Amino acid sequence: NYYDNNKEIKIPLDETLSPVENAKRYFEKYSKLKRTYDALTKQIAETEAELTHLKSIQMSLDIALQETDLTDLKKELVEFGYIKKHADKGPKGKGKKPIKSVKSKPLHFISSDGYHIYVGKNNYQNDELTFEFAEGKDWWFHSKTIAGSHVIVKTNGEELPDQTFEEAARLAA
C-alpha cells in the first residue's frame, strides 16, 4: 500500500490480459473516476450556489409587500432562466404593450435612537443598498449562514449606539 507501508493490498488482475494491458485498464478506470469526480465537484458547487440563490428568492417572496416587489422577483427569475419571458400583447393582440417599470423600494425604519435603517426585500435591492446607496461609514448587516436581506444603517459619520446596532441585527436575522 502506497499510503501504509505496513499493509499489503492484492490487486485482482485479468489473467486473459498481459501485465501492460492490466495496467492500462486500471489507469483508464482511474482516469474515468477522476474526470467524474472533477465534473461532480463542479456540479455540486454550482447546485449549492443555485440553491442559495433560490433560497434568497424564497425569502424575498416571504417579505414581499407590494406588487412591485413581485415584479422585481419575476424579473430576476426571468433573468436567471427559471421562468420564460412572455410577450405582453396590446388590445386585440396587436403589438406589444409597453411594460411599466416601477421599481420597488427597500423597507425603511427609524431606530429607537433616530438612525435610518434600510432593508432590502430582494437581491436587486440588496445589491443596490450595498453597492450604490451605502457610504463608507454606514453599517452593513447580513446573516452569515442563510439567505437574507442586506441591512444598511446610515450613521452620518457617528458611532452607532448599542440599541440601534441590536435593532439592525434583528432585522438582518
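Note that the coordinates shown come from a computational prediction; the quantities given were computed from them, not determined experimentally.
In this structure, CD1 on I152 lies 6.5 Å from CG on D138, to the nearest 0.5 angstrom. Atom OG of S149 sits about 5.5 Å away from atom CG of N126, to the nearest 0.5 Å. Here the straight-line distance linking atom CG of L160 with atom CD of E167 works out to 10.5 Å at 0.5 Å rounding. E67 CD to T71 OG1: the interatomic distance, rounded to the nearest 0.5 Å, is 5.0 Å. Taking CD from Q58 and CD1 from I63, the interatomic distance works out to 12.0 Å, rounded to the nearest 0.5 Å. Annotation: the span from L171 atom CG to L107 atom CG amounts to 8.5 Å, rounded to 0.5 Å.
W140 is not connected to Y115 by any chain of hydrophobic side-chain contacts under 4.5 Å among Ile, Leu, Val, Met, Phe, Trp and Tyr, and they are in different clusters. In the hydrophobic cluster analysis, where Ile, Leu, Val, Met, Phe, Trp and Tyr join through side-chain heavy atoms closer than 4.5 angstrom, L65 is grouped apart from Y118. The hydrophobic clustering, which links ILVMFWY residues whose side-chain heavy atoms are closer than 4.5 Å, places L73 and I83 together. Grouping the Ile, Leu, Val, Met, Phe, Trp and Tyr side chains by contacts below 4.5 angstrom, directly or via other members, places Y82 with V78. In this structure, V153 is a member of the same hydrophobic cluster as V119, with clusters built from ILVMFWY side-chain heavy atoms closer than 4.5 Å.
Heavy atoms from other residues, nucleotides or ligands lying under 6.0 Å from CD of E159 number 12 at most. Summarising the local packing, CG of L33 is surrounded by more than 12 heavy atoms from other residues, nucleotides or ligands at distances under 6.0 Å.
A cation-pi arrangement is present between K75 and Y124 under the rule of less than 6.0 angstrom and at most 45 degrees off the ring axis. Under the 6.0 Å distance and 45° angle rule, K154 counts as a cation-pi partner of F133.
Scanning both residues, A134 and T130, for their nearest heavy atoms gives CB-O, 3.8 Å. The minimum heavy-atom distance linking Q163 with D113 is given by the pair CB-OD2, 3.4 Å. Scanning all heavy atoms of the two residues, the minimum distance from I117 to S111 falls at CD1-CB, 3.8 Å. Nearest heavy-atom pair across S143 and A172 is CB-O, 4.2 Å. The minimum heavy-atom distance between L70 and A64, with the atom names listed, is CD2-CB, 3.9 Å.
Aromatic rings of F165 and F141 (six-membered ring for Trp) have centroids within the 6.0 Å cut-off, being under it. In this structure, the ring of H53 has its center less than 6.0 angstrom from the ring center of F80.
Here the side chain of S31 pairs a donor or acceptor atom with the backbone of F27 at under 3.5 angstrom. Not a single donor-acceptor pair under 3.5 Å links the side chain of E28 to the backbone N or O of R25.
Contact check for N122 versus S104: side-chain heavy atoms found under the 4.5 Å cut-off. Residues S60 and K121 fail the side-chain proximity criterion, which asks for heavy atoms closer than 4.5 Å. Under the 4.5 Å side-chain criterion, counting only non-hydrogen atoms from C-beta, R35 is not in contact with D38. Using a 4.5 Å heavy-atom threshold, the side chains of V151 and W139 count as separate. F109 has its side chain out of reach of H116: every pair of non-hydrogen atoms, C-beta onward, lies at least 4.5 Å apart. Using a 4.5 Å cut-off on side-chain heavy atoms (C-beta onward), K7 and D4 make contact. At a threshold of 4.5 Å between non-hydrogen side-chain atoms, the residues I146 and K55 do not count as touching.
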Inset, instruction - Apply the test side-chain contact (heavy atoms from CB on, under 4.5 Å) to residues N123 and D72: give CA-CA distance (whole Å), side-chain angles for both, the deciding distance (0.1 Å), then the verdict. - result: CA-CA 9 Å; N123 291 322; D72 283 351; over 6 Å; no
Inset, instruction - Show your working on side-chain contact (heavy atoms from CB on, under 4.5 Å) between T47 and Q43 and close with a plain yes or no. - result: CA-CA 6 Å; T47 302; Q43 189 172 13; 4.2 Å; yes
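T16 and D14 form a side-chain donor-acceptor contact under 3.5 Å, judged by distance and modelled atom types alone.
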